[in-house]
Amino acid sequence: MTAAPAPRPTLVRFVFSSVGHLFRGPPLYWLWVLLLLALIALGGWHYWLQLRDGLVVTNMTNQVSWGFYIANFTFLVGVAAAAVMLVVPAYIFHRRDIKDVVLMGDTMAIAAVTMAILFVVVDLGRPDRFWHLIPGIGRFNFPESMLAWDVIVLNGYLLLNLGISFYIVYHHYRGEDPKASRYFPWVLLAIFWAISIHTVTAFLYAANSGRPYWHNALLAPRFIASAFASGPAMMALGLQIIRAISDYPIRQSVINHLALVATIALQVTLFFLLAELFTEFYNEGEHAASARYLFLGLDGHSGLTPWIWTAVVLLSIAVVILMIHPLRHNPLTMNIAFVLIIVGVWIEKGMGLIVPAFVPTPIGEIYEYTPSLTEIMVSVGIWAIGLLLFTLLAKAALPVQCEFLRRQRASEQQSWDGVERRHNAA
Amino acid sequence: MVIDTRTCIGCGDCVVACKNENKVPVGLNRDWVVEATRGEYPNLETEFRSERCNHCSHATCVTSCPTGASHHWKDSNIVLVAAEKCTGCKACIAACPYDARLIMHPDGYVDKCTFCHHRVDQGLDPACVSSCPTHCMHFGNLDDRDSVVSRLLRERRHKVLMPETGNQPHVYYLT
């Protein structure tokens, strides 16, 4: 970006110049960062209260022992996994337009998986004993415990995405093409790993044979389907914001691709939901008690019923919007649909999935759950950490990417025109 | 453990004995009495069941625990929690089909029935069994064919709770 002759690109210079980018920005950028920092401070304060007094400050009980934190965790693992919806077309099908922005998908995955890990940490009653989960130091119940698997796959996914992104951005900074033979095997691994993080998370719930609401084979497919709806919706929103506030070249064909993926995934999600409802309610047995509590209310308790129907209505409106082609290509209606998907899936896969499994309890008691102020504030803090992480990573990587793409375009002007025509036709 | 639902009168002495013996904090219980009513008036049937951890041989709480804090004691079926290893992740609470685990222990770990293994080690019965005024509860070794519990299960009709979960529970109810 500077006019002076470029200094020899070393790793140290790369780090310094990336960090330098973080401290240069318009007032709006600083306002945004300060807002996020304030929210993080607020969340941090409430987390300190939780650490001091214990989980008793949450509304989780012996009966409903996982709540708002684990709900957000589940949603975010899905968002992280959905990065493959950019990675696969970019690296496997060599879509040039998507390859230009695939790094933003990785960045979102890094932010989402970091948030997911933080949500597990704040859900721990004794985070000071977390070291028992670190292989080598503690004795880790692997491979029996699904939670042990989750620790491995989530941290592995974080490292994979950090490694791949860093490798590519660093080579772009040096003005070189990253060597495919060096990063492609890791990309392949990351694709399978992305599916695995969400599958393992689903298995964490499905493994509990005493919770009929979770104990079914459709849980993992449902997770993946709704993740591929909410993740691309989030990515499409993020990419459009980046396009609006920077000169990073993001083609509309990328947004259209994400909209199409979200449409199909949402159709599958709703079909799975229907299959689930049919199985639960056609011949309703004892095992349907949780589903009845969620959708219709049980013995006068219906705390979650308005929530889940909100989600069903939002997702239904979104799928209608996205299935009508003119509406899907209209930026306004398309973005409305994206927001509806994100909110709808967040409810359906968050509170709508975690809490009903505990209601009624296996011995038939009904304890309802709503998050406490502490839980909401800590969650807001974690979301702010994720948004800040995404902002900073994008801020550091974008100038490098813009510079690289500009140079690449200048050198490939002729062939580039052909590619542009092909994708704009889509 | 074998519990005779035909002689249990639902007095709750087992609950009190457990709280005394194990210093269970106020507001928490490691065992409880369920009063299950079946049928329609006037043909009603009531069953009292003193319930607690079922000390399963395939205990889903033990398999789900990420740190190995939940474990089987000395090759027995008695499931214990090593408090100093418990991170409070609550995976075991989700995994338990009997709702037998308590997160709200003030010292910060998941608490549960231990079958009073400290008493069993000395050849005594668990506190709940010793305190039962109708002698409806029996404790012993099912591997020993001559033990009272083995004989009761041979001679009487019995059931376990939620066998469909595959947990292989070891609290038997004579019906």
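At least one side-chain heavy atom of B:Asp99 sits less than 4.5 Å from a side-chain heavy atom of A:Glu365. No side-chain heavy atom of B:Ile93 sits under 4.5 Å from any side-chain heavy atom of A:Trp66.
When each of B:Leu161, B:Leu102, B:Val110 is scored by its heavy-atom pairs under 4.5 Å with chain A, the top score falls to B:Leu102. Put simply, of B:Ala83, B:Pro106, B:Ala69, the one with the most heavy-atom pairs under 4.5 Å next to chain A is B:Ala83. In terms of heavy-atom pairs under 4.5 Å with chain B, the best-connected choice from A:Ala207, A:Gly54, A:Pro127, A:Ser209 is A:Ser209.
Between the side chain of A:Arg126 and the backbone N or O of B:Lys85, no donor-acceptor pair lies under 3.5 Å. A donor-acceptor contact shorter than 3.5 Å links the side chain of A:His132 to the backbone of B:Glu84. Under a 3.5 Å cut-off, the side chain of A:Arg129 and the backbone N or O of B:Cys86 do form a donor-acceptor pair. Side-chain N or O atoms of A:Arg211 include one that pairs as donor or acceptor with a backbone N or O of B:Ala94 at under 3.5 Å.
When heavy atoms are compared at a cutoff of 4.5 Å, A:Trp214 approaches chain B solely by way of its side chain, counted from C-beta outward. For chain B, the nearby part of A:Phe358 is the side chain; its heavy atoms alone come within less than 4.5 Å. For B:Asp111, no part lies under 4.5 angstrom from a heavy atom of chain A. Heavy-atom distances place the side chain of B:Thr60, and not its backbone, under 4.5 Å from chain A. For B:Val62, the part lying under 4.5 angstrom from a heavy atom of chain A is the backbone only.
Using a 4.5 Å cut-off between non-hydrogen atoms, no part of residues 112-125 of chain B approaches chain A. Of all residues spanning residues 20-30 of chain B, those with a heavy atom less than 4.5 Å away from chain A's heavy atoms are B:Leu28, arranged by number. Residue-level contacts of residues 35-46 of chain B with chain A do not occur; threshold 4.5 Å between heavy atoms.
Across all non-hydrogen atoms, the minimal contact from A:Asp123 to B:Cys89 is OD2-O, 3.8 Å. Across B:Pro97 and A:Gly210, no two heavy atoms sit closer than the pair CB-CA, 3.8 Å. Among all heavy-atom pairs drawn from B:Thr67 and A:Asn141, the shortest one is N-CB, 4.2 Å. The two residues B:Trp32 and A:Ile363 make their nearest non-hydrogen contact at NE1-CD1, 3.7 Å. Annotation for A:Pro362 and B:Cys96: closest pair CG-O, 3.9 Å, computed over non-hydrogen atoms.
The environment of A:Glu286 atom CD is sparse: at most 12 non-hydrogen atoms of other residues, nucleotides or ligands sit within 6.0 angstrom. Within a 6.0 Å radius of CZ in B:Arg145, no more than 12 heavy atoms belonging to other residues, nucleotides or ligands are found. By the 6.0 Å contact criterion, CZ on A:Phe272 is enclosed, its count of non-hydrogen atoms from other residues, nucleotides or ligands being greater than 12. Enclosure of atom CZ in B:Arg156 by more than 12 non-hydrogen atoms of other residues, nucleotides or ligands within 6.0 angstrom is indicated.
Among pairs with a residue in residues 197-208 of chain A, those fulfilling side chain to side chain donor-acceptor pair (under 3.5 Å) read A:Thr74-A:Tyr205, A:Asp150-A:Thr201, A:His198-A:Lys349, at least two apart in sequence or across chains.
Looking at A:Leu55, A:Leu147, A:Asn62, A:Leu124 one by one, the single match for side chain to side chain contact (heavy atoms under 4.5 Å, CB included) with B:Lys90 turns out to be A:Leu55.
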